[in-house]
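Right, one structure below, let's go through it.
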Amino acid sequence: MKSDFLKIMHERGFVHQCSDLEGLDAKLCEGPQSAYIGFDATAQSLHVGNLTGIMMLYWFQQCGHKPITLMGGGTSKIGDPSFKDEQRKLLDDATIEENIKNIEKTCFAQFLTYGDGPADALMVNNNDWLDGLKYLEFLRDYGRFFTVNRMLSFDSVKTRLERESPLSLLEFNYMVMQGYDFLELNRRYGTLIQMGGSDQWGNIINGVDLGHKADQVQLYALTAPLLTTPDGKKMGKTENGAVWLNAAMLSPYDYYQYWRNVDDVMVGTLLRRFTILPIDEVEKLEALEGAEINEAKKILAFEATKLCHGESAAIDAQDTAQKVFEQGSIGDDLPTIEIDGTRLAAGIPLLDLLVETGLAASKGEARRLIQGGGIKRNDEAVNDVGYASTDGDLTGDGYIKLSAGKKRHVLIRTK
RNA sequence: GGAGGGAUGGCAGAGCGGUCAAAUGCACCAGACUGUAAAUUUGGCGUCUUCGGACUACGGAGGUUCAAAUCCUCCUCCCUCCA
């Protein structure tokens with residue numbers, strides 16, 4: 001391995017499959033290249049599941065190459081069927097457009113430098129070329145390069161068929177579209193490389209093949225191992241929803257906490273992948289055992305938060321976490337709600353307060369939490385379901401700290 | 001077009017006239033133990049409640065019955081086999 005980029009990919013655990021590792025290595029050594037990764041435009045923000053791709057592009061740019069973020073504005077109208085059991089809802093143009101703007105501003109901009117320079121990142125939307133395609137023309141020019149026999153052989157499709165879960169023609173076309181994207185990017189920008197998660201392998205390879213057949217160009221595919229938690233779930237999803245990169249959808253503190261609470265066995269992998277710490281430092285942290293792993297997790301959480309939300313947000317999150325968990329105190333980053341002072345003076349049933357703060361979804365749940373000993377007020381367990389908070393509960397610093405379990409805390413202040 | 005089978009809580013999957021807010025497993029939440037981890041273990045897991053209950057729920061709409069997730073009719077959707 002000679003190229004800086006592939007060296008980094010290797011030591012940081014980003015390489016799963018490559019269509020031609022040596023060829024790609026040689027190409028990268030020749031001079032600056034461009035590579036792209038496709039991203040979904042179905043939500044207002046990307047999430048931790050997209051972070052692998054973003055980090056690949058980040059390193060690509062750091063190595064002096066040009067990353068291209070391809071937004072699936074056009075393909076979002078179809079929905080990637082890969083490994084999904086059910087057909088997705090389709091989105092309208094305006095929503096997709098809105099999503100793309102948001103994602104660029106709040107997700108990519110933290111990791112990539114956009115601009116017009118040779119190594120500046122480029123943002124493209126495949127709707128630009130997919131939207132105007134003529135069906136007959138497209139079938140005639142490109143459809144002939146795809147055999148259904150081969151399309152059926154892809155795992156993504158096979159699993160769907162084996163489960164006897166209906167796969168519409170619309171969705172089946174997704175891989176054709178994605179293959180065409182690659183060709184189009186090659187034509188427009190000379191892009192030779194497409195990267196992605198290992199689940200995208202089939203889609204990417206389709207593009208490589210199409211490049212061969214349609215334009216006689218040699219394209220390259222590079223995929224990263226899909227990260228799963230030890231119990232086999234995809235990274236970046238929790239029961240409360242996705243771990244969003246956009247601070248407006250998930251606070252930096254919660255983002256920090258997400259990383260702080262990852263499974264022990266994941267720490268090394270995650271440090272490699274989602275921080276930019278030097279490898280020797282990562283190796284030192286990986287060697288920690290037992291309770292010391294917490295130190296590695298703190299660094300992981302801090303570094304990951306710093307990359308995504310900036311250093312000051314990371315410091316704030318870290319401070320708050322330290323105060324809350326190590327000193328049993330409070331920090332500025334804890335979620336805070338304001339309550340009318342006169343209302344509080346009159347007394348507010350704790351049950352209502354728990355619902356208002358979001359610590360419980362309903363009064364019934366709040367009641368059960370109290371009965372189960374899960375609720376604390378200013379760090380003291382509350383056992384009385386009928387308890388009502390008054391301004392007498394305010395601490396000297398003017399807040400009430402409510403906790404559900406050990407990790408969920410909310411501050412209440414008066415206004 | 002014809003013949004069957006099916007639709008149950010976040011998912012999987014029992015129930016097939018009252019004892020069903022619905023077994024069981026997974027997921028989730030909380031307690032214990034810990035290291036803000038994992039594993040283990042205990043409790044919880046529709047909404048409201050003056051804690052007696054009340055209300056809404058088993059694809060949708062009607063009906064039979066004192067009583068329906070369970071029986072009947074129609075509708076919608078899915079699957080299998082035949083053409």
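Every chain is numbered from 1 and lettered A, B, ... according to where its sequence line falls, protein lines coming before strand lines. This structure is a prediction, so every number in the text was calculated from the model and none was measured.
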Check your understanding: Just to confirm, is there a sub-4.0 Å distance from OP1 or OP2 of B:U47 to any side-chain nitrogen or oxygen of A:R368?
Key -> yes
Review point. Within the pair A:R408 and B:A30, is there a side-chain N or O less than 4.0 Å away from OP1 or OP2?
Key: yes
**Study point:** Polar contact flag, side-chain donor to acceptor under 3.5 angstrom, A:D4-A:W59
**Key:** no
Review point. With rounding to whole Å, what would you report as the distance between B:A54 and B:C20 at their P atoms?
Key: 16 Å
Exercise for review: Classify the nucleic acid contact of A:Q257 as base, sugar-phosphate or nothing, counting any heavy atom under 4.0 Å across all strands shown.
Suggested key: base
Review point. A:L369 side chain: which of B:A30, B:U36, B:A37 is closest?
Key: B:A30
Just the atom pairs and distances: protein N or O near nucleotides 50-52 of chain B's N or O, under 3.5 Å.
residue, atom, partner, partner atom, Å
B:C51, N4, A:R367, NE, 3.4
B:C51, N4, A:R367, NH2, 2.6

Exercise for review: Using a heavy-atom cut-off of under 4.0 Å over every strand shown, decide if A:V262 touches base, sugar-phosphate, or nothing.
Suggested key: sugar-phosphate
Review point. Are any of A:K407's side-chain N or O atoms less than 4.0 Å away from OP1 or OP2 of B:A37?
Key: yes
Check your understanding: Which nucleotide in the list B:A37, B:G35, B:A32 gets nearest to the side chain of A:K406?
Key -> B:A32
Check your understanding: Does the A:T223 side chain pair with the main chain of A:Q17, one donor and one acceptor, at a distance under 3.5 Å?
Key -> yes
**Study point:** Strand RNA chain B in bracket notation, Watson-Crick/G-U under 3.5 Å with | for pairs to another chain
**Key:** ((((((((.[[[..)..(.....]]].(((((.......))))).(((....)))...[[[[[..)....]]]]]))))))).
Check your understanding: Between A:T342 and A:D340, does any side-chain donor sit less than 3.5 Å from a side-chain acceptor?
Key -> yes
Check your understanding: Hey, does the side chain of A:H409 reach the backbone of A:K406 with a donor-acceptor pair shorter than 3.5 angstrom?
Key -> yes
**Study point:** Side-chain H-bond candidate by donor/acceptor type, A:Q200 with A:Q178, under 3.5 Å
**Key:** yes
Check your understanding: Distance between the C1' atoms of B:A7 and B:C75, in whole angstroms?
Key -> 14 Å
Exercise for review: Using heavy atoms to find the nearest nucleotide of RNA chain B for A:Y256 and A:V355 separately, return the residue whose nucleotide is more 5′.
Suggested key: A:Y256
Revision key, fill the gap. Taking for A:E326 and for A:S362 the nucleotide of RNA chain B with the nearest heavy atom, the one nearer the 5' end belongs to A:E326
**Study point:** Residue pairs passing the ring-ring contact (aromatic ring centres under 6.0 Å, His included) test where at least one lies in residues 262-295 of chain A, sequence neighbours excluded
**Key:** A:W259-A:F274
Check your understanding: If we take the P atom in both B:G63 and B:C82, what is their distance in whole Å?
Key -> 41 Å
Exercise for review: Please work out if A:A321 contacts a base, only the sugar-phosphate, or nothing of the nucleic acid, heavy-atom cut-off 4.0 Å.
Suggested key: base
**Study point:** Under 3.5 Å: donor-acceptor pair, side chain of A:N50, backbone of A:H47
**Key:** yes
Point to revise | N or O in side chain of A:K363 less than 4.0 angstrom from B:G46 OP1/OP2 | key: no
Review point. What integer number of Å spans the P atoms of B:G59 and B:G9?
Key: 8 Å
